[in-house]
2 protein chains.
Amino acid sequence: MGKQVTEMLKGTLEGIVLAILSGRPAYGYEITAWLRDQGFSDIAEGTVYALLVRIEQRGLVDVEKIPSEKGPPRKVYSLNAQGREHLEEFWRTWSFLTERLEQLREGGN
Amino acid sequence: MGKQVTEMLKGTLEGIVLAILSGRPAYGYEITAWLRDQGFSDIAEGTVYALLVRIEQRGLVDVEKIPSEKGPPRKVYSLNAQGREHLEEFWRTWSFLTERLEQLREGGN
DNA sequence: ACTGGTACATAGTAACGCTGAATAGTGACG
DNA sequence: CGTCACTATTCAGCGTTACTATGTACCAGT
C-alpha cells in the first residue's frame, strides 16, 4: 500500500493484534494471514512475530505451544487480564485521536 | 499523556498538521499552541518544527516569512496543490484504518 | 539589567515496522 | 529419495518518526 500506512500502523498495529486476541486465541501465522485478508496487504510476516514477542515480554498475553498437523508447532497467544486492560487503554487513546481528526476533517473544509 | 499516543501519532501528526493548514495558513508556534489546546498536551515544540521542515522539503507547503510584533519573524506555512493531494491520500489511508478498527471493536466484544 | 513571552532550530535518543534472509517441520509428487 | 510447496518462527540491520533537551533571538514591562 505505501509508506503512509506503514507509519500510521506504528502504535496501532499492536492494538489491532490485541483486539484480535481479545476475540479468540491465535498464532502468528494465522494473524498475519487474517490481516492480509482484511486488506493490510503488505504487512511483513516478521513484523507480526516481532510484535508478538514484544507483547509477550510485557506480560500482556499468555503463550501455549501446540503441535500443528502441518509444519512446526504453533505458538498460540491469548489475552490475559493485563492485556485486556492495555487494550482498553488503547481504545481510549484511539477514540481521542479519531475525535480530534473527525473534527479537523469536518471543520477543515 | 503517554507512550501510546506518541507511537500512534507517528504518521498521523503529519496529517493533522496538513489538515490544519488546509483551513488556513499558520506558523509553527501557533500550531503547537493549538494542538496543546486540543488536548495533545505533550507535543513538544521541536516536534512540530521538525515536521514543518520535513513537509517543506517535500514540497507540500509554501512558506512566507512575516515579521511579528513580538519576537522573531514568523514562518507562515500554507498548503499548496501537492500538499492537498497528499492530505487527501492521508484521509483515504485514515479511513481505511478506522474502518478496520471499528469492525474489530464491534466484532471483538 | 532582568524577566517572561514569543518564535524558530537542532543534535541525540528510542520505538516501531519493514527488508531480507535463515531455519525447520510436514506432505505430495515424480 | 529428492525436491517443491506450505506452514511456522526468528533475527539482524535499516529508515522514519516523535521526544528530550537544549540554544538562539527578539521585544515589552518592570
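Within every chain, numbering begins at 1; the chains are lettered A, B, ... in the order of the sequence lines, protein sequences first and strands thereafter. Note that this is a predicted model, so its numbers are computed, not measured.
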- Query: Any side-chain N or O of A/K65 under 4.0 Å from OP1/OP2 of D/dA8?
  - Reply: no
- Query: Yes or no on side chain to side chain donor-acceptor pair (under 3.5 Å) for B/T93 and A/Q4, after CA distance, side-chain angles and deciding distance?
  - Reply: CA-CA 7 Å; B/T93 307; A/Q4 217 173 50; 2.9 Å; yes
Starting at atom [atom1] of [X], determine the distance to atom [atom2] of [N], rounded to an integer number of angstrom.
| X | N | atom1 | atom2 | answer |
| --- | --- | --- | --- | --- |
| A/K3 | D/dT17 | NZ | P | 6 Å |
| B/E14 | D/dT16 | CD | C1' | 10 Å |
| B/Q57 | D/dT16 | CD | P | 12 Å |
| A/L97 | D/dA18 | CG | P | 12 Å |
| B/Y29 | D/dC27 | OH | P | 16 Å |
| B/L13 | D/dC19 | CG | C1' | 12 Å |
| A/R36 | D/dT7 | CZ | C1' | 13 Å |
| A/E69 | D/dA8 | CD | C1' | 13 Å |

- Side-chain donor/acceptor of A/K10 to base of D/dT16, under 3.5 Å: yes
- Under a criterion of less than 4.0 angstrom to any heavy atom of chain B, what are the 5'-terminal and 3'-terminal contacting nucleotides of DNA chain C? C/dT6 to C/dC16
- Side chains of B/S95 and A/R105: is there a donor and an acceptor less than 3.5 Å apart? yes
- Message: If you assign each of B/G71 and A/K70 to its closest nucleotide in DNA chain D, which residue comes earlier from the 5' end?
- Response: A/K70
- Message: Are A/Y77 and A/W34 linked, directly or through intermediate hydrophobic residues, by side-chain heavy-atom contacts shorter than 4.5 Å (ILVMFWY only)?
- Response: yes
- Item | Close approaches to DNA chain D from residues 44-53 of chain A, in residue order (heavy atom, under 4.0 Å) | A/E45, A/G46, A/Y49
- Task: Show your reasoning for whether side-chain contact (heavy atoms from CB on, under 4.5 Å) applies to A/I66 and A/Y27.
- Result: CA-CA 10 Å; A/I66 297 184; A/Y27 54 98; over 6 Å; no
- Item | Student check: side-chain heavy atoms of B/L21 and B/L60 closer than 4.5 Å | no
- Message: Between B/E99 and A/Q38, does the side-chain contact (heavy atoms from CB on, under 4.5 Å) criterion hold? Intermediate values first, please.
- Response: CA-CA 10 Å; B/E99 277 166 33; A/Q38 296 298 304; over 6 Å; no
- Task: Look at B/R58 together with B/E14 and state whether they make a salt bridge at an N to O cut-off of under 4.0 Å.
- Result: yes
- Message: Tell me whether A/K75 is salt-bridged to A/E64, with the criterion being a basic N under 4.0 Å from an acidic carboxylate O.
- Response: no
- Query: Want to settle it: does A/R54 or A/S68 sit nearer the 5' end of DNA chain C, counting the closest nucleotide to each?
  - Reply: A/R54
- Message: How close do B/A19 and B/W91 get, counting heavy atoms only, and between which atoms?
- Response: CB-CZ2, 4.0 Å
